[in-house]
Every structure is written in structure tokens, then in C-alpha cells.
Amino acid sequence: MSVEDLVHFCAPARLIMGAGARTRLPALLQRLGYQRGLIVTDRFFTLSTPWVEELVSGARAHGVTLTVYDGGAPDPTTTLCDDATAALHARGDLPLDHVIALGGGSNIDLAKALCLTLPAGAPVRTFIGRIDSATPVLPLIAMPTTAGTGSEATPGAILVDPDNATKVAVMDNRLRPAVALIDPEFTYTCPPRVTADAGIDALTHAVESYLTMDAAQFERGDDPDPGYSGRNALTMLFARESIRLCARHLRRSHATDGSAAMRDARTGMSHASVYAALSYGSAGLNAVHGIAYAVAGLTHLSHGTTNAVMLPYVLDALRDVRRDELLTIARLFDVDDVDADAAIERLPAVLRELIGALGVPITLAACGIEEGDLDTLTRDALAVTRLAKAFPVPDVDARYARIVRNAWAGRLSFDDARAAPQRRVA
Ligand SMILES: NC(=O)c1ccc[n+]([C@@H]2O[C@H](COP(=O)([O-])OP(=O)(O)OC[C@H]3O[C@@H](n4cnc5c(N)ncnc54)[C@H](O)[C@@H]3O)[C@@H](O)[C@H]2O)c1
């Protein structure tokens, strides 16, 4: 903490975490005075789990009527949101006094967007950019079933624009959930790929926001209520705890044997994901996500995968400006070199090994990107200016270019340092 620190912190109004916490929701809905809500989910949850039916009947016993929309899908598009808005208007489900999201980041983001479009009866594009303060927003209860995106604590909903296959965001602090209910038991049914991708997403959120631009230097224009605002002592506290939990649980969390160790690891990652979101949901992100968006545009690989491949190379490029923080992360990952510089240099290689062990490609070349695409990729990444501006280095363009080339070739300083003596011998 320093005298320049500026705390801008915004979080869900209520955070409830615990195994089996879902059973507390019906009484809470009644206590909050809700009468008529909508569950937004997808067919996996209506067809393969008892959770939707349990919630509907539990709410009914507390005098709350819930209807269900189970048309959610991975990476929801603006078209899906508009179709759902029209279908729910036609079904006569309105008016509603709350929306409940059950699912991964995709269902939560769809539900967030519906909190805007259902009362307005307007297409979601109306709300991209800035949301007028007079716009009504339905309260959201978010119940994540993956441990990764942290959408249950953030101000944004991310949707795919099918016209140009890019992601667009609707963003406002009023979209942060009224209740974020984290029941780690929801994650027990996640397949290994979903668990690994989500878990790496959580780790990336924690690490990236731990290292991002300080709040005191963050450019927030004239916005008195910014969604993202740079790191401060409070966000860093959450980030550190999240990184500690990821170091302990991420590798073991994608086991599927139902054992106590698996449950322990998935519970640890559920907490890590929320803490990461309490950090990045106010501090914001930078180069890993900025470059990962451009990689996803070229390869259509998942959000978790594109972040994962970039993470070690971005950390390697921050050694001169974030030395102390990188040493803290290295120690949390049990990098035990006595010499601090050696530990900092080893950290990106340790994370790359972890990422590879989770079945994710560790170079951009292995993602199918050609060397000839690298300049365009760098340009596209730099075009996401809100993320590039938060990268805490004096020469953002040059560093992005270097990071992209290193990530393509799989080159880390640690490898170079190890190769150097051999080169000298040769
Ligand atoms: N709004 C934000 O702040 C934010 C942040 C990061 C990512 N996102 C978005 O989140 C999305 C990714 O979300 P995600 O990684 O949680 O995956 P997801 O929501 O896309 O789900 C992936 C698949 O896993 C299934 N699934 C989810 N939970 C399951 C469970 N418990 N058991 C079995 N199957 C389950 C889903 O049905 C789906 O088929 C992306 O669209 C990304 O853009 C949003």
C-alpha cells in the first residue's frame, strides 16, 4: 500500500459461498421480497441435473414463482440474446422482479444481458458502449457452475457479434449481481476440459490483475463509476489469495474420480475463481487478455486456452517492472531458488509446464498460427486499447511485438539462460 493508492472497489451486493449453499436460495428470495423470477440456464442443467427442479419447487414453497429459459449456449451471441428476449416476451413470462443465472460464464453473461433487454424489450446492441443511468436493470442472482470466469462478480456481459465474429461487451456496475451464490458442488460435474480451461482463466485473472496498472495511474477518463479502475491494495489482497489457491488446487482439480481430493481441489478452485474476480473485477486486465482476444479471433480456440498460452510469455516480459510481485507469485508456486532473480526467471517456465500438463498448447505455433500472421496479430491485440493502456510498461507496442514472437517460438528467458552455457561450450 502506498500514499498514492486509490481504492475503487465494486463487488456483488451479497456473496454466499459454501458446499450445498444452493439450498439457501429459496428463503433468501423470499427475504428479498422477490415474487416472480426467471432461471436462465442451458439444457445440460434442465435435463441432467436435479438443480433446476429443486430450485423451482423450493422457491414455490416460499411463495416465489420461477419460470425457466434453458436455451443458453457456450459463447452466447447477440442474436441468441435477442431471440431469448423475444421468446420470453411472447411466452408472457413478464414482468419479472429478478433473474437467476445457473451455469458457466456463458449462461451468466446471457442472463446479465437479459436483465437489460427484458425490461426494455430492446435489442442488446442498444446497450453496447454505455448504459444510460435511467435504463432499468433487473437484479441478478448468479450461480456459477464452473470455477473460472468470475462473471458472478464483474460488471460486464460478453457476447459474440455474429456479423464479424468478435466479442462485444455490455458493461455497467449495476450489472454486478445482487447475489453471487457459489456452491462448489455445482462444479463436481464439470468435464476435465471445462474444468482446466476455467481454472486457467481464474489463474490468469488473478495474476494479470495483480500485475496490472496501479489505480493511481489508471486512465478512467471522467467516469465517476468506472467498471475497471486499476489495481489497489484491496484488489491485490484478493489476487494473492487466489494465486495461492490456484497453486495448490489447479493441477488436481481436473480429476473426475469423485474422490475427497477432487472435491477439495474443486472447492479450492471455486474460491480461487471468486477471489480472482474480486480482484480483476475492479482492477481490470491487460496484455494476456488483449493478445488472447486476437489469438481467439484467428484460431477460434477457447477463452481459457488462448489466455493460457500467452500467460508465461507476458510474465516473462514484466520482469523489469514487476519484480517484487513476480517473486511473490514464484514463492506461492513453491519456486524455491534461493536467488530471487533466478526464481523470477523460472516462474514463467513453471507456469508453462503447468499449462502444458493441463492439455493446453504452450506456443502460438502449436495453436496453428503461422509466422506470417504475427504482425497482424500484434496489431489486432494493440487495437484493444483499454487493455493495452493498462499494461504497466513504458513501451507497450514493442513489448507486445516481442511477447507475440516469443510466444510463437516458445522462447522464455529461462530457456535462453539455460541454453547459454551450452552455446558457450559448443
Ligand atoms: N462477464 C465476464 O466477466 C466474463 C469473464 C470471463 C469469461 N466470460 C465468458 O464466459 C464464457 C466461458 O464460460 P465458462 O468457461 O464458464 O464455460 P461455459 O459457460 O461456456 O460452459 C462450457 C460448457 O460447459 C458446460 N458446463 C458448465 N458447467 C458445467 C457443470 N457444472 N457440469 C457439466 N457441464 C457444465 C456448459 O453447459 C457448456 O456446454 C465465455 O463466453 C467468456 O467470454 C465472461
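Since the structure is predicted, the reported quantities are computational estimates derived from the model, not experimental observations. Residue numbers count from 1 along this sequence. Order of listing sets the numbers, starting from 1, for every ligand and every atom in it.
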Give the contacting part of Tyr280 toward ligand 1: side chain, backbone, both or neither, where contact means a heavy-atom distance below 4.0 Å. side chain
Around atom 23 (C) of ligand 1, find the nearest protein heavy atom and jot down its residue, atom name and distance. Val194 CG2, 4.1 Å
If you have a sec, work out which protein heavy atom is nearest atom 18 (P) of ligand 1 and how many Å separate them, to one decimal? Ser106 OG, 3.4 Å
Is Thr189 touching ligand 1 with its side chain, its backbone, both, or neither, if touching means heavy atoms under 4.0 Å apart? both
For atom 20 (O) of ligand 1, decide whether some protein heavy-atom distance is shorter than 4.0 Å. yes
Provide, to 0.1 Å, the distance between atom 41 (O) of ligand 1 and the closest protein heavy atom, together with that atom's residue and name. Asp75 OD1, 2.6 Å
Given Val68, Ile100, Leu110, the one that forms side chain to side chain contact (heavy atoms under 4.5 Å, CB included) with Thr41: Val68
Between ligand 1 and Gly103, can you find any atom pair, the residue atom being a heavy atom, that is separated by under 4.0 Å? no
State whether Phe391 and Arg399 meet the cation-pi test: NZ (Lys) or CZ (Arg) under 6.0 Å from the six-membered ring centroid, and within 45° of the perpendicular axis. no
Short N-O contact, Arg251 and Glu353, less than 4.0 angstrom: yes
Regarding atom 1 (N) of ligand 1: of the candidates Asp109, Asn107, Ile108, which has the closest heavy atom? Asp109
Do Leu102 and Phe186 have side-chain heavy atoms sitting under 4.5 Å apart? yes
Do Met269 and His254 come close enough that some side-chain heavy atom pair is under 4.5 Å? no
With a 4.5 Å heavy-atom cut-off, do Arg91 and Leu88 have their side chains touching? yes
Decide whether Arg402 and Tyr313 meet the rule of one side-chain donor and one side-chain acceptor closer than 3.5 Å. no
In ligand 1, which numbered atoms sit nearer than 4.0 Å to a non-hydrogen atom of Gly104? 16 (O), 19 (O)
If you have a sec, work out which protein heavy atom is nearest atom 3 (O) of ligand 1 and how many Å separate them, to one decimal? Thr154 OG1, 2.7 Å
Quick one: which of Asn307, Thr149, Thr195 has a heavy atom closest to atom 6 (C) of ligand 1? Thr149
Flag yes if more than 12 heavy atoms outside Glu54 fall under 6.0 Å of its CD atom; otherwise flag no. yes
Tyr293 to ligand 1, any heavy atom closer than 4.0 Å: no
Please report which non-hydrogen protein atom sits nearest to atom 43 (O) of ligand 1, along with the residue it belongs to and the distance in Å to one decimal place. Lys167 NZ, 2.9 Å
With a 4.0 Å cut-off, would you call Arg193 and Asp197 a salt bridge? yes
Between the side chains of Asp70 and Thr46, does any donor sit under 3.5 Å from an acceptor? yes
Hey, what's the ring geometry for His205 with His303, parallel, tilted or perpendicular (30° and 60° as the breaks)? tilted
Name the option, out of Thr41, Asp42, Ile158, that contains the heavy atom nearest to atom 36 (C) of ligand 1. Asp42
Would you check whether Pro191 reaches within less than 4.0 Å of ligand 1, judged by its heavy atoms? yes
Where Pro312 and Leu412 come nearest, the two heavy atoms and their spacing: O-CD2, 3.9 Å
Taking only Lys NZ, Arg NE, NH1 and NH2, and the carboxylate oxygens of Asp or Glu, determine whether Asp225 and Arg220 approach each other closer than 4.0 Å. no
Give me the nearest non-hydrogen protein atom to atom 28 (N) of ligand 1 as residue plus atom name, then the distance to 0.1 Å. Thr145 OG1, 2.8 Å
Which residue and heavy atom of the protein sit nearest atom 35 (C) of ligand 1, plus the separation: Phe45 CZ, 4.1 Å
Ignoring angles and geometry beyond distance, decide whether Gly105 reaches within less than 3.5 Å of ligand 1 through its nitrogen or oxygen atoms. yes
For atom 31 (N) of ligand 1, what is the nearest protein heavy atom, given as residue, atom name and distance? Phe186 O, 2.8 Å
Using a 4.0 Å cut-off to any heavy atom of Pro74, which atoms of ligand 1 qualify? 20 (O), 38 (C), 39 (O)
Please state whether Gly156 comes within less than 4.0 angstrom of ligand 1, counting heavy atoms only. yes
